[in-house]
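Below is one structure, written out as structure tokens, with a few remarks after it.
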Amino acid sequence: MSISIKTSESLDLLVGKAFDLNRSFDRAVSIMQNKWCMPNAANIIHHNLAHLFPLLADLISGFKDSWNLTTVYPETHKDDRDYANLLNMMTVLLEEVLDYYEMIKMVYKIAEEEGDLNVMTMLVDFMNKLTIVVSQVYTLKDKAEQMPTDWDKFDNHISQWGINGVELGD
């Protein structure tokens, strides 16, 4: 086998966490759209960040497919959270994205222990992609800190902040 069972199972956890992040960002988008009347922010975050996480999961499952391994999809969490303001929301989303980055580092260590150099190489590229996303979520959090309840101002200016997701390539 070219990828150990332990590494393969750890990759499945990364897939699950990506779908959890999709759920978290979709919930935030729903609140922005329907409670705070922020159509621009909802649209940008939905299409450029929330939709990105399942595509990131697909990168991992596609990698496993290359090695003739199936992907197990863990359950995602129910998300009925509410947020007091933008700062609260963006702080939570940033923490979740940073947790994902830490998970990737843990899977990298598992792959290293298991001698799965191919997975380690893939994860370095994956971490580089996620770093771009982390930067964008930091921007959202910083802007939310400046205007936690000024939803119109946030909504009107978000298109200027470079919240573009990341190119995944082939």
Side-chain angles (χ1 to χ4, degrees), residues 1-33 41-81 83 89-141 158-159 161-170:
M1 174 176 282
S2 297
I3 297 175
S4 73
I5 292 171
K6 187 174 181 180
T7 301
S8 178
E9 290 172 349
S10 298
L11 290 170
D12 291 339
L13 296 177
L14 289 180
V15 168
K17 180 65 174 175
F19 282 105
D20 268 338
L21 284 165
N22 170 253
R23 178 76 44 95
S24 294
F25 276 77
D26 273 346
R27 175 64 182 162
V29 164
S30 181
I31 291 168
M32 284 184 213
Q33 180 70 40
N43 185 54
I44 288 170
I45 293 170
H46 189 230
H47 290 103
N48 296 349
L49 295 178
H51 282 186
L52 176 65
F53 293 109
L55 297 175
L56 289 171
D58 286 349
L59 287 178
I60 295 169
S61 61
F63 178 81
K64 287 184 68 173
D65 290 343
S66 297
W67 293 98
N68 204 31
L69 296 169
T70 63
T71 299
V72 175
Y73 294 85
E75 292 183 33
T76 59
H77 71 282
K78 174 184 178 179
D79 199 337
D80 59 358
R81 291 177 285 190
Y83 298 98
M89 176 186 284
M90 294 307 161
T91 299
V92 168
L93 294 176
L94 177 61
E95 288 170 358
E96 290 185 19
V97 171
L98 291 173
D99 286 346
Y100 192 44
Y101 190 82
E102 291 301 316
M103 278 184 74
I104 296 166
K105 288 174 21 182
M106 288 188 320
V107 173
Y108 183 92
K109 288 178 184 174
I110 291 169
E112 185 176 37
E113 290 167 3
E114 295 292 313
D116 293 322
L117 180 62
N118 51 356
V119 175
M120 293 166 58
T121 302
M122 181 272 298
L123 287 175
V124 168
D125 181 57
F126 194 82
M127 284 188 287
N128 287 333
K129 287 175 177 31
L130 189 65
T131 297
I132 295 167
V133 175
V134 168
S135 173
Q136 293 172 34
V137 180
Y138 265 118
T139 296
L140 292 171
K141 186 220 166 247
I158 191 170
S159 63
W161 301 336
I163 311 303
N164 300 320
V166 66
E167 286 293 321
L168 297 180
D170 294 326

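The chain is numbered in sequence order, starting from 1.
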query: With no hydrogens and no angle check, is any side-chain donor or acceptor of S8 less than 3.5 Å from a backbone partner on S4?
result: no
message: So which atom in L123 and which in V107 form the shortest heavy-atom distance, rounded to 0.1 Å?
response: CD1-CG1, 3.7 Å
task: Identify the heavy atoms of A50 and N22 that sit nearest to each other, and give their distance.
output: O-ND2, 2.7 Å
message: Give me each pair satisfying side-chain hydrogen bond (donor to acceptor under 3.5 Å, both in side chains) with a member in residues 51-62, each pair once, sequence neighbours excluded.
response: H46-H51
- prompt: For E112, which residues count as a side chain to side chain donor-acceptor pair (under 3.5 Å) partner, sequence neighbours excluded?
  reply: none
task: Look only at the side chain of E96 and the backbone of L21, and say whether a donor-acceptor pair between them is shorter than 3.5 Å.
output: no
- prompt: Which distance, rounded to the nearest 0.5 Å, do you find between the CG of D116 and the CD1 of I110?
  reply: 10.5 Å
- request: Please round to the nearest 0.5 Å and tell me the distance separating atom CZ of F126 and atom CG of L56.
  value: 4.5 Å
- prompt: Can you name the nearest heavy-atom pair linking V134 to L94, along with the distance?
  reply: O-CD1, 4.3 Å
message: Quick one, D65 with L69, criterion side-chain contact (heavy atoms from CB on, under 4.5 Å). Give me CA distance, side-chain angles, the key distance, then yes/no.
response: CA-CA 5 Å; D65 290 343; L69 296 169; over 6 Å; no
statement: Separation between CD1 (I3) and CD (E9), nearest 0.5 Å, reads 12.5 Å
- prompt: Is there side-chain contact between Y101 and V97, with heavy atoms separated by less than 4.5 Å?
  reply: no
query: Looking at A111 and M120, what are the two nearest heavy atoms and their distance?
result: CB-CG, 3.7 Å
message: Please check: side-chain N/O of D79 versus main-chain N/O of R81, any donor-acceptor pairing under 3.5 Å?
response: yes
- prompt: With a 4.5 Å limit on heavy-atom distance, are the side chains of L98 and Y138 in contact?
  reply: yes
field: Rounded distance [0.5 Å steps], CZ in R27 versus CE in M32
entry: 11.5 Å
field: Pairwise side-chain contact, N48 with V166, heavy-atom cut-off 4.5 Å (strictly under)
entry: no
query: Does atom CG of N128 have more than 12 heavy-atom neighbours from other groups under 6.0 Å away?
result: yes
field: Validation row: I45, I158 side chains within 4.5 angstrom (heavy atoms)
entry: yes
Which donor-acceptor pairs under 3.5 Å do the side chains of residues 10-17 make with protein atoms, sequence neighbours left out?
residue, atom, partner, partner atom, Å
S10, OG, K6, O, 2.9
D12, OD1, K64, NZ, 2.6
D12, OD1, V72, N, 3.3
D12, OD2, K64, NZ, 3.4

task: Taking side chain to side chain donor-acceptor pair (under 3.5 Å) as the test, write out the residues that go with T76, two or more places apart.
output: R23
- request: Quick one: pull up NZ in K129 and CD1 in I104 and give me the separation to the nearest 0.5 Å.
  value: 11.5 Å
- prompt: K105: what forms a side chain to side chain donor-acceptor pair (under 3.5 Å) with it, not counting sequence neighbours?
  reply: E102
message: Show the nearest heavy-atom pair for residues L93 and A28, with the distance to one decimal.
response: CD1-CB, 3.8 Å
query: With a 4.5 Å limit on heavy-atom distance, are the side chains of L49 and V133 in contact?
result: yes
- prompt: Is a side-chain N or O of S24 found less than 3.5 angstrom from the main chain of D20, in a donor-acceptor match?
  reply: yes
- request: Say whether T7 and E114, considering side chains only, have a donor N or O and an acceptor N or O under 3.5 Å apart.
  value: no
query: OH/Y108 to CE/M122 distance, rounded to the nearest 0.5 angstrom?
result: 11.5 Å
- prompt: Mind checking whether F25 and F53 have ring centres under 6.0 Å apart?
  reply: yes
- line: By side chain to side chain donor-acceptor pair (under 3.5 Å), N118 pairs with (sequence neighbours left out) none
message: Does F63 form a side-chain contact (heavy atoms from CB on, under 4.5 Å) with V119? I'd like the steps, not just the answer.
response: CA-CA 8 Å; F63 178 81; V119 175; 3.6 Å; yes
